[in-house]
Amino acid sequence: MLGTAMSLVLSDESGKNITEAINYCEKVIEECSNEKIRSMTRAALCFLYNKNAENEKAIGYARTLPHIWESREMLLCEFACEEEYTNTVKKVTELALSMIYEKIKNIQPASFHKNINRLTIGHEITFNKENIGEILETVSEFYKGN
């Protein structure tokens with residue numbers, strides 16, 4: 001059902017199918033017992049409600065999602081064996097830095113966030129070690145400028 005909902009929205013430039021997609025997603029939340037699917041659906045609902053100019057509902061669903069500290073990546077660091085701990089922390093740091101860097105690079109006007117095509121749940125972000133200086137400089141300049 002989640003796939004159907006997202007197909008409705010992504011294939012319809014006019015935005016007419018958003019309400020129907022929201023209804024499908026709400027039904028998934030009500031009927032599905034698989035927590036991974038429910039979590040993905042809640043994330044999708046955040047974008048759908050935002051696209052449908054129902055920002056309070058989008059924020060409400062966003063607040064039901066796990067905190068970053070409860071993520072798989074952060075928790076795997078805690079359970080890595082001694083030999084793997086440093087590498088595991090490096091991987092989660094690379095992911096976090098890459099995500100922050102992408103967010104800063106893509107700062108746009110508020111209307112930009114209404115674009116459903118920004119829905120990239122599970123979007124693969126790659127870390128290029130050669131860009132670490134640029135990444136850290138971008139983050140640093142972002143905080144100096146704001």
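Worth saying up front: this structure is predicted, and the values here are computed from it rather than measured. Only this structure's heavy atoms are used, side chains among them; waters, hydrogens and symmetry mates stay out.
The two atoms that bring I37 and V28 nearest to each other are CG2-CG1, 3.9 Å, heavy atoms only. The minimum heavy-atom distance linking N50 with N55 is given by the pair ND2-OD1, 3.1 Å. Here the closest non-hydrogen pair linking S39 and P66 is OG-CD, 4.2 Å. Here the closest heavy-atom approach between residue N52 and residue E54 is recorded as ND2-OE2, 2.7 Å.
Remark: E137 engages E141 in a side-chain contact (heavy atoms from CB on, under 4.5 Å) (not counting sequence neighbours).
Hydrophobic cluster membership is shared by V139 and I107, with clusters built from Ile, Leu, Val, Met, Phe, Trp and Tyr side chains linked at under 4.5 angstrom. Linking ILVMFWY residues whenever their side-chain heavy atoms come closer than 4.5 Å, directly or via other members, leaves L95 and M74 in distinct clusters. Criterion: ILVMFWY side-chain heavy atoms under 4.5 Å apart, direct or through other members. Under it, I68 and L65 are not part of a common hydrophobic cluster.
In this structure, CZ on F47 lies 12.5 Å from SG on C25, to the nearest 0.5 angstrom. The line from CH2 of W69 to CG of L75 is 10.0 Å long, rounded to the nearest 0.5 Å. The OG1 atom of T138 lies 10.5 Å from the CD atom of E102; values are rounded to the nearest 0.5 Å. The structure places NZ of K129 at 10.0 Å from CD1 of I132, a figure rounded to the nearest 0.5 Å. Rounding to the nearest 0.5 Å places CD1 of I100 at 10.0 Å from CD1 of I135. Separation of atoms SG (C77) and NZ (K90) is listed at 12.5 Å; rounding is to 0.5 Å.
A salt bridge links R38 and E35; the closest N-O separation between the charged side-chain nitrogens and carboxylate oxygens is under 4.0 Å. Salt bridge absent: E94 and K91 never bring a charged side-chain N and a carboxylate O closer than 4.0 Å.
Residues Y49 and E56 have side chains that never bring a donor and an acceptor to within less than 3.5 angstrom of each other.
Contact annotation: the side chain of L76 never approaches that of V92 to less than 4.5 Å [non-hydrogen atoms, C-beta and beyond].
Of the possible donor and acceptor atoms, one in the side chain of N34 sits under 3.5 Å from a partner among the backbone N and O of K36.
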